[in-house]
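Given the structure is predicted, the values throughout are model-derived calculations rather than measurements. By convention in this document, chain letters (A, B, ...) are assigned in the order of the sequence lines, proteins followed by strands, and residues within each chain are numbered from 1.
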Protein chains: 2
Amino acid sequence: MIKVVIADDHPLLREGLRRILEFEEGIRVISEVGDGQGAINIARSTPFDILLMDLNMPGVNGLEACRVIRRERTEIGIIVLTVDDSDEKIFQVLQLGVAGYLLKDVIPKTLVDSIRKVYAGEPILAPSVTGKLLGQLTSSNTPKNNFGLSNREMEILAYVVKGSSNRDIGISLFISEKTVKNHLSNIFRKLEVEDRTQAALKAVKLKLVQLD
Amino acid sequence: MIKVVIADDHPLLREGLRRILEFEEGIRVISEVGDGQGAINIARSTPFDILLMDLNMPGVNGLEACRVIRRERTEIGIIVLTVDDSDEKIFQVLQLGVAGYLLKDVIPKTLVDSIRKVYAGEPILAPSVTGKLLGQLTSSNTPKNNFGLSNREMEILAYVVKGSSNRDIGISLFISEKTVKNHLSNIFRKLEVEDRTQAALKAVKLKLVQLD
DNA sequence: TCCCTTATCAGCATAATTTCCTAATTGTGC
DNA sequence: GCACAATTAGGAAATTATGCTGATAAGGGA
């Protein structure tokens with residue numbers, strides 16, 4: 001039996017969810033709460049499996065409640081159920097380690113399936129959320145603008161990001177330290193920075209070189 | 001009609017996939033290829049919608065083929081279909097902007113559903129892949145080990161990561177440059193690095209300080 | 001109280017970095 | 001051929017950074 005708790009400040013929506021879930025085999029809604037504090041309280045006092053959590057609630061909001069509950073009751077699978085599709089909150093919530101993120105326009109069947117899957121240990125994301133995650137990955141490696149750095153300059157910049165000194169870079173590339181310095185001066189000018197530290201950080205920030 | 005191309009070096013698996021898909025309404029396998037180059041060639045010569053791509057293929061591998069096809073034919077939705085669940089490749093592939101990543105143990109129904117969803121613009125990930133993505137998010141904010149750095153040292157390290165010089169740090173914190181240097185020496189020793197660049201990079205790498 | 005850490009400042013010596021200058025060679029494109 | 005960029009190298013000088021030692025003061029804990 002999967003024990004479910006619903007946390008949402010809209011009584012109508014709670015009622016709707018409860019009615020959807022109460023006819024499902026093996027699923028039982030054991031409680032409903034109307035705010036984040038209520039969710040925290042029940043998580044502390046009662047064992048259950050799945051928490052359907054709205055983010056926008058009065059008082060202690062869903063985000064804070066998630067943070068507390070994730071810390072205190074790691075065994076509870078939290079499924080965020082929200083209308084909020086905006087970028088800022090999504091990543092904040094996902095970083096907390098929630099097990100699912102669904103939008104409120106899901107069809108009942110998807111919701112029920114998701115509850116079962118989360119109970120089985122599978123993470124669940126709404127397609128648009130998956131898209132945002134992937135989008136972040138792909139957009140993050142679009143240097144595009146490599147500031148007109150030549151191949152050699154990129155190579156040297158990579159060594160700077162590895163923490164090499166000018167001398168070491170020269171030895172590694174079989175060129176004189178003087179040449180390294182010249183390249184670096186050009187790199188600094190092109191990246192619009194003053195020293196190797198700023199260059200290294202900017203290179204990492206702009207993904208010109210991989211930090212690893 | 002969703003036009004599908006299968007790229008896999010195992011004839012048996014290709015045949016199996018084709019038989020699964022050929023009875024589906026609205027889906028037609030228009031071609032099969034056995035290596036990455038073949039996938040690239042057909043993508044260049046023939047319009048189609050979905051490419052089921054194995055990663056481990058002889059010659060031009062799936063990863064390279066994905067890269068080329070993604071660049072030349074953005075309208076083709078690539079679904080990576082592989083046994084490879086290892087961490088390194090997953091992120092490389094996802095960064096290319098593939099539309100789906102499934103493991104070869106999927107049931108036929110899931111595969112068909114996934115093709116339809118990708119065709120409709122939805123991204124598709126195997127649960128374990130979603131888990132890895134989420135795991136990366138949550139694990140990324142665990143500094144924990146601050147290497148015994150004191151508050152003041154952390155503060156100074158933050159300035160280093162901003163690209164400040166010793167003089168600038170001194171001015172900002174209303175202390176002498178000498179003091180800054182002393183703190184830095186201690187920081188270098190504790191972080192086990194030789195200079196400010198390595199310290200800044202290590203701080204970023206270990207999330208001791210936020211880069212931005 | 002004594003010891004340790006932290007934070008502050010300083011001097012000295014050395015090393016590393018950075019800038020500015022010139023200049024040769026090579027390859028690419030017009 | 002000519003112009004231009006990339007790569008290479010060197011000289012000279014200024015600036016910055018680093019290591020080491022020493023010193024003072026405040027605060028916490030055994």
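In this structure, A/E155 places its CD atom 13 Å from C1' of D/dA6, rounding to the nearest Å. Rounded to whole Å, atom C1' of D/dT18 lies 13 Å from atom CZ of B/R189. The CG atom of B/L149 sits 13 Å away from the C1' atom of C/dT6 (whole-angstrom rounding). One interatomic measurement links the two molecules: CD1 of B/I187 to C1' of C/dT5, which rounds to 15 Å at whole-angstrom precision. Following rounding to the nearest Å, A/N186 (CG) and D/dT8 (P) show an atom-to-atom distance of 12 Å. Computed from coordinates, the B/F174 CZ to C/dA7 P distance equals 18 Å when rounded to whole Å. When the P atom of D/dT16 is taken as reference, atom CD1 of B/I169 falls 13 Å away, rounded to whole Å. Straight-line distance from the CG atom of B/D195 to the P atom of C/dT18: 10 Å, rounded to whole Å.
The two residues A/V161 and A/V209 make their nearest non-hydrogen contact at CG2-CG2, 3.4 Å. Of all heavy-atom pairs spanning B/R70 and B/I76, the tightest one is NH1-O, 4.1 Å. Across all their heavy atoms, A/L51 and A/A7 have their closest contact at CD1-CB, 4.1 Å.
Ranked by how close their nearest DNA chain C nucleotide is to the 5' end, B/I156 and A/L184 are led by B/I156.
In this structure, the nucleotide among C/dG11, D/dT16, D/dT8 sitting nearest to the side chain of B/R167 is D/dT16. Distances were taken from every side-chain heavy atom of B/N182 (C-beta onward) to each of C/dT6, C/dC9, D/dG19; the shortest belongs to C/dC9. Side-chain proximity of B/K178 to D/dG11, D/dT18, C/dC12: nearest is C/dC12. Candidate nucleotides D/dT18, C/dT8, D/dG11 were compared by shortest atom distance to the side chain of B/K181, and D/dT18 ranks first. Candidate nucleotides D/dA17, C/dT18, C/dA7 were compared by shortest atom distance to the side chain of A/F188, and C/dT18 ranks first. In this structure, of C/dT8, D/dA17, C/dT17, it is D/dA17 that holds the atom nearest to the side chain of B/E177. Nearest to the side chain of B/R196, among D/dT18, C/dT8, C/dT18, sits D/dT18.
Side-chain polar atoms of B/N41 and B/R44 form no donor-acceptor pair below 3.5 angstrom. In the model, B/D168 has a side-chain atom that pairs as donor or acceptor with a side-chain atom of B/S165 under 3.5 Å.
The shortest distance between the side-chain N/O atoms of A/S185 and the OP1/OP2 oxygens of C/dT19 is below 4.0 Å. An OP1 or OP2 oxygen of D/dA9 is reached within less than 4.0 angstrom by a side-chain nitrogen or oxygen of A/T179. Contact annotation: B/S176 side-chain N/O to C/dA10 OP1/OP2 distance is under 4.0 Å. A close approach under 4.0 Å does not occur between any side-chain nitrogen or oxygen of B/S150 and OP1 or OP2 of C/dT5. Remark: A/N166 is not in phosphate contact with C/dA16, judged by side-chain N or O atoms under 4.0 Å from OP1 or OP2.
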Pair A/R116-A/D49, salt bridge (charged side-chain N to carboxylate O under 4.0 Å, His left out): steps then yes or no: CA-CA 10 Å; A/R116 296 193 198 280; A/D49 306 299; over 6 Å; no
